[in-house]
Amino acid sequence: MKPKPTAQTPQKHLFQIELIDIVSPRHELVKLAKLIDWRRLEVEFKQHYGDKGAGAKPIRLLAGLEYLKQIHKLSDENTVAMWCDHPYWRKWG
């Protein structure tokens with residue numbers, strides 16, 4: 001199934017800290033995330049998804065993790081572990 005589009009203006013939750021509030025805007029991954037045209041990636045990749053089945057993960061998350069996996073030469077398992085442990089990696093998703 002095609003992924004849902006990424007929300008551009010998420011509503012703040014009363015007891016939930018937003019990731020953008022705890023990461024530095026000067027970090028290299030935060031700067032890079034602002035340079036990437038995520039909307040275009042969604043449009044380009046969306047055509048490769050079917051209309052049936054469970055909903056897919058957001059394309060931004062998948063493309064961002066694949067990029068990080070490749071530049072750091074990580075396995076799938078190590079990529080997920082790094083994403084869980086590091087808030088700057090979560091900024092991608």
Practice prompt. Would you name the heavy atoms of Ser24 and Val30 that are closest together and state the gap between them?
Written response: O-CG2, 3.4 Å
Response to the item:
Rounding to 0.5 Å, atoms CD (Glu66) and CD1 (Ile71) come to a distance of 11.0 Å
Worksheet entry | Any side-chain heavy-atom pair of Lys34 and Pro25 under 4.5 Å | yes
Discussion item. Between the side chains of Glu42 and Arg39, is the shortest nitrogen-to-carboxylate-oxygen separation below 4.0 Å, so that they form an ion pair?
Written reply: yes
Worksheet item: Looking at Arg60 and Ala33, what are the two nearest heavy atoms and their distance?
Response: NH2-CB, 3.8 Å
Worksheet item: Can you hop from Trp38 to Val43 via hydrophobic side chains spaced under 4.5 Å?
Response: no
Worksheet item: Given side chains that start at C-beta, do those of Phe45 and Leu62 come closer than 4.5 Å, heavy atoms only?
Response: no
Worksheet entry | Trp83 side chain vs Leu61 backbone, donor-acceptor pair below 3.5 Å | no
Worksheet item: Considering only heavy atoms from C-beta outward, does the side chain of His27 approach that of Lys31 to under 4.5 Å?
Response: no
Worksheet item: If you measure from CG on Leu41 to OH on Tyr67, what distance do you get to the nearest 0.5 Å?
Response: 12.5 Å
Discussion item. Please say yes or no: joined through hydrophobic side-chain contacts below 4.5 Å, possibly via intermediate residues, are Val80 and Ile59 part of one cluster?
Written reply: no
Worksheet item: Between CD of Glu77 and CE of Met82, what distance do you get to the nearest 0.5 Å?
Response: 14.5 Å
Worksheet item: If we only count heavy atoms from C-beta on, is the Leu74 to Leu68 side-chain gap below 4.5 Å?
Response: no
Practice prompt. Kindly give the heavy-atom pair with the smallest separation between Gln47 and Glu44, and that separation in Å.
Written response: NE2-O, 3.0 Å
